[in-house]
Amino acid sequence: MDGQHYMERYIQEVVRRLPKGQRAEIALELQEMIQEMLSADGEEATVESVLLKLGPPKELAKKYRDDRRYLVSPEYFDNYLWVLRIVLLCVGLSVIFSAVVNFFLDPKQAKEAAMELLYLPSGLLAAFGAVTLLFVILERLHVKFEPSQSSPWNPSQLPPLLQKKAVISRSDTVVGLVFIVLFCMLLTFAPQVFSLYLFSDSKELTMIPVFDMEHWNVILPLILASMMIGLVDEVVKLVTGRYCGAVLAVNAVTNLCQVMLSFVVLKMIPFWNPEFFSWLRKKCDIPDLLPYITEEAFSNLFLGLIVFGTALELGTTAYKSLRYGKN
């Protein structure tokens, strides 16, 4: 194995455990230190022998940061702040947006719409607590799933340099996080947004909700549970940063849970508003389509799309994890 390759892999494993702002400087420092140790040890010295003297990357990284106990350690802190900013921003914008929408949909209820803004501090506090708790759990469970070392550490145990296709795009993860948070907040504070909007001849607005609002207190917790499971999957991808067995396992479990919750919501609980389908059937000009404009048909269609989408995502994750994420 090429010594330069060992050194690059070793430095990669050390600096990824450090705060982002220190990584470039410490990587250069480590490179110079290893070169100096090679020179000092004479011609018989090898990169492997020098790395053995330095010890496991995890232990060396501890020497570059305060040896204190953290609620969220420096290894996770950059990702924690990133997710926290996104979630807080989405929660704040969603609450404000829902209040504005409710005001324009029914100006007579302006006071009630304004009262929704009072939920903003509690919503932000709840989001802060949820994100912090999630990262604390990931921290304690060692989400990177690093193998325990029962034998003395050796440079050959270093994971290979990451291939470009093994890296999980942060932008894709951010898009997923934003969608989940915004969707959850709209369902919580403004479910009437998901309605059919009709204007009468007198320009009076009539809304026909798509969902069965009479059972909304049962439907909403299940949808939010499914979304939170998806949030865990996105955060694990963000923290891990690469396709690997751990990401595949989490993705498989979360997808299975989401499909099961979708089945419960769509097939076991009144989910659709019957008035919505009555209007669709009344306006349908194609008789052959009438048998398909039913609550059951739409539930089957949406459940099929969900199963197809999750299977496609799981297949993609499995392929990239097994093809590019091997250590």
Side-chain angles (χ1 to χ4, degrees), residues 16 72-73 75-76 79-80 82-84 86-87 90 126-127 129-148 159 162 165-184 187-188 218-269 271 299-300 302-327:
R16 76 179 181 85
V72 179
S73 70
E75 183 180 353
Y76 290 81
N79 288 324
Y80 166 71
W82 185 266
V83 174
L84 186 62
I86 294 172
V87 172
C90 291
V131 173
T132 302
L133 178 61
L134 176 58
F135 271 86
V136 168
I137 293 173
L138 295 177
E139 174 90 29
R140 299 302 180 264
L141 294 179
H142 304 290
V143 74
K144 290 184 181 296
F145 293 93
E146 297 176 0
S148 58
L162 296 179
K165 293 183 178 180
V167 177
I168 298 176
S169 171
R170 171 166 283 195
S171 60
D172 292 344
T173 306
V174 169
V175 170
L177 290 171
V178 170
F179 170 78
I180 290 172
V181 175
L182 287 178
F183 190 61
C184 287
L187 288 175
T188 302
V218 178
I219 296 171
L220 180 60
L222 293 174
I223 296 179
L224 293 181
S226 178
M227 292 293 102
M228 289 303 101
I229 291 171
L231 183 68
V232 171
D233 184 39
E234 295 296 337
V235 170
V236 168
K237 289 179 180 177
L238 181 66
V239 171
T240 307
R242 62 188 178 90
Y243 288 101
C244 59
V247 169
L248 176 58
V250 172
N251 187 252
V253 172
T254 54
N255 277 334
L256 177 61
C257 292
Q258 287 182 307
V259 169
M260 293 173 62
L261 285 172
S262 299
F263 179 84
V264 172
V265 171
L266 292 171
K267 302 294 290 184
M268 302 179 68
I269 299 174
F271 180 69
S299 293
N300 292 336
F302 271 78
L303 185 59
L305 291 175
I306 290 171
V307 171
F308 175 78
T310 53
L312 182 62
E313 180 190 1
L314 180 58
T316 301
T317 303
Y319 172 77
K320 291 185 177 181
S321 297
L322 298 176
R323 177 67 176 83
Y324 304 111
K326 294 181 179 179
N327 288 338

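If you're wondering where the values come from, they're calculated on a predicted model, not measured in any experiment.
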* **Atom pair CG (Leu261) and CE (Met228), whose distance is rounded to the nearest 0.5 Å** => 12.0 Å

* To do: Check step by step if side chain to side chain contact (heavy atoms under 4.5 Å, CB included) holds for Leu303 and Lys267.
  => CA-CA 9 Å; Leu303 185 59; Lys267 302 294 290 184; 4.0 Å; yes

* **Separation between CG of Leu248 and OG1 of Thr316, rounded to the nearest 0.5 Å** => 11.5 Å

* Judged by atom type as modelled, is there a donor-acceptor pair below 3.5 Å linking the side chain of Thr310 to the main-chain atoms of Val307? -> yes

* By ring pair (Phe, Tyr, Trp, His ring centres under 6.0 Å) - contacts of Phe135 (at least two apart) -> Tyr80

* To do: To the nearest 0.5 angstrom, please state how far the CG atom of Leu266 sits from the CG atom of Asn300.
  => 9.0 Å

Using residues 172-182 as the side-chain source, report each donor-acceptor pair under 3.5 Å to any protein atom, sequence neighbours left out, with the distance given to one decimal.
residue : atom : partner : partner atom : Å
Thr173  : OG1  : Ser169  : O            : 3.1

* Check step by step if side chain to side chain contact (heavy atoms under 4.5 Å, CB included) holds for Trp82 and Arg170. => CA-CA 10 Å; Trp82 185 266; Arg170 171 166 283 195; 3.8 Å; yes

* **Closest contact, heavy atoms only, Val247 versus Lys237** => CG1-CG, 4.1 Å

* Where is the tightest heavy-atom contact between Cys244 and Ser321, given as atom of each residue plus distance? -> O-OG, 3.3 Å

* To do: Answer yes when Lys320 and Glu313 have at least one side-chain N-carboxylate O distance shorter than 4.0 Å, and no when they do not.
  => no

* Asked: Just how far is it from atom CG of Leu134 to atom CG of Leu84, taken to the nearest 0.5 Å?
  -> 11.0 Å

* Asked: Any donor-acceptor pair under 3.5 Å linking the side chain of Asn255 with the backbone of Asn251?
  -> yes

* At what distance, to the nearest 0.5 angstrom, does CZ of Phe302 lie from CZ of Phe271? -> 7.5 Å

* Inter-residue atom distance Met227.CE - Leu220.CG, 0.5 Å rounding -> 11.5 Å

* To do: Might you work through the side chain to side chain contact (heavy atoms under 4.5 Å, CB included) test for Ile229 and Asp233, ending with a clear yes or no?
  => CA-CA 7 Å; Ile229 291 171; Asp233 184 39; over 6 Å; no

